[in-house]
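For reference, the structure discussed in these notes is given below.
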There are 2 protein chains.
Amino acid sequence: MSSQSTLAPRVHAAEQSLGAAGYRLTRPRRELLRAIAAMPDHFTPDELIHAVGPAVGRATVFRTIRMLTERDLLCRVRLEDGTLAYRWSGAGHHHHLVCVSCGRVDDLQGCDIDSDLARLAAASGFAVDGHWLEVYGRCADCRAREA
Amino acid sequence: MSSQSTLAPRVHAAEQSLGAAGYRLTRPRRELLRAIAAMPDHFTPDELIHAVGPAVGRATVFRTIRMLTERDLLCRVRLEDGTLAYRWSGAGHHHHLVCVSCGRVDDLQGCDIDSDLARLAAASGFAVDGHWLEVYGRCADCRAREA
DNA sequence: GGATTTCTTGACACTAGGTATCACTAAGCT
DNA sequence: AGCTTAGTGATACCTAGTGTCAAGAAATCC
Ligand SMILES: [Mn+2]
Ligand SMILES: [Mn+2]
Ligand SMILES: [Zn+2]
Ligand SMILES: [Zn+2]
């Protein structure tokens, strides 16, 4: 029975987090967390619906994604074509590097544009209180594959 | 008859631009350009559909918005709640300041994050070739109104 | 364990936003 | 005025998601 817990440390952490926050650990939620852990690094709601199969209702998949996103266990990625995808979230506010060739997503470390934005926006009289940034490009593997 | 042309210099410019590019200047396209000129600084497709009324079909509204966006006569704004809006576009690549209180949108001038992004992304092996940035905050008017 | 309480589920209907089809219309050209 | 082809719009369809609510099942309390 150790194989299950070693396969998905994030699942266990997420269950702890939800339990501590007063959410019930229902069968659908457990199944969704396991399904998410088995997905590639990001997934769309539709992909998750198909991955988890008829064991969990469609509405529950959307509800659970939203709840996990609000609890900061998942983060949103806006892909280049505008579709929304999700992935495990570590830290708080951060951005993503999205490979437009293979779809791979990396967290963008060390981005500090807040101060620049605040200064630029001040010229228009705006007080900045948030921003959304996605960065598109090509990952090392994809570039190597075509060189 | 001068009132029409003085009311909408952008409409005339847009018609010139489309004509020069080989697009036919149809009645629906003319009506849409006039309707867009009469909208507030940004609008959703649905708002435009209602503004133009039954004189133009729904599909044509979407098609025309897409065409104008591809031709760079309109630009897309992603509002804080995720809805897509459109507005007249001046330059090429630029960003927006969106007031989360009154909805006003300003173009963000002088934003130069490309080099920073390229440097940060290089740490992950990514070559950056594009990005999407929207900035949310509160405009001068809205701040004054609540002070 | 069993009863209770409250949260959660899932079927379903519904909405918003947008696209594919295709017969018909009308710009633009001569 | 006639021809050619781009453009239109009715319609059907689609994806992504939300609201409703009766029934089910966690957690809690005994
Ligand atoms: Mn992330
Ligand atoms: Mn703009
Ligand atoms: Zn790649
Ligand atoms: Zn404002």
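Per chain, numbering begins at 1; letters A, B, ... match sequence-line order.
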field: Protein proximity profile, nucleotides 24-30 of chain C - base contact B, sugar-phosphate-only contact S, no contact -, cut-off 4.0 Å on heavy atoms
entry: --BBS--
task: Assign a letter to each nucleotide of nucleotides 15-22 of chain D from its 5' end: B, base within under 4.0 Å of a protein heavy atom; S, sugar-phosphate only; -, no contact.
output: -SBB-B--
Test side-chain hydrogen bond (donor to acceptor under 3.5 Å, both in side chains) applied to [X] - qualifying residues, sequence neighbours left out:
| X | result |
| --- | --- |
| A:R29 | none |
| A:D81 | A:T83 |
| A:R27 | A:E31 |
| A:R145 | none |

Side-chain ion pair, A:R10 and A:E15, N-O less than 4.0 Å: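 No, this pair does not count.
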Provide, to the nearest angstrom, the distance between the [atom1] atom belonging to [X] and the [atom2] atom belonging to [N].
| X | N | atom1 | atom2 | answer |
| --- | --- | --- | --- | --- |
| A:L18 | C:dT8 | CG | C1' | 13 Å |
| A:R29 | D:dA27 | CZ | P | 10 Å |
| B:I65 | D:dG9 | CD1 | C1' | 16 Å |
| B:I49 | C:dT15 | CD1 | P | 16 Å |

What side-chain donor-acceptor pairs closer than 3.5 Å can you find for residues 97-105 of chain A, not counting sequence neighbours?
| from | atom 1 | to | atom 2 | distance (Å) |
| --- | --- | --- | --- | --- |
| A:R104 | NE | A:D106 | OD1 | 3.3 |
| A:R104 | NH2 | A:D106 | OD2 | 3.4 |

Residues 47-63 of chain A, side-chain donor-acceptor partners within the protein, below 3.5 Å, at least two apart:
| from | atom 1 | to | atom 2 | distance (Å) |
| --- | --- | --- | --- | --- |
| A:E47 | OE1 | A:T44 | N | 2.8 |
| A:E47 | OE1 | A:T44 | OG1 | 3.4 |
| A:H50 | ND1 | A:D46 | O | 2.9 |
| A:T60 | OG1 | A:R63 | NH2 | 3.1 |

- prompt: side-chain contact (heavy atoms from CB on, under 4.5 Å) with B:R143: which residues, sequence neighbours excluded?
  reply: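 Only A:A127, B:R138 meet the side-chain contact (heavy atoms from CB on, under 4.5 Å) criterion with B:R143.
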Give every donor-acceptor pair under 3.5 Å between a side-chain atom in residues 71-79 of chain B and any protein atom, sequence neighbours left out.
| from | atom 1 | to | atom 2 | distance (Å) |
| --- | --- | --- | --- | --- |
| B:R78 | NH1 | B:G82 | O | 3.1 |

task: Enumerate the residue pairs fulfilling ring pair (Phe, Tyr, Trp, His ring centres under 6.0 Å) with a member in residues 110-139 of chain B, sequence neighbours excluded, ordered by first and then second residue.
output: B:H93-B:H131, B:H95-B:H131
field: Net bend of the helix from C:dG1-D:dC30 to C:dT30-D:dA1, end axes of five pairs each, nearest 10 degrees
entry: 30°
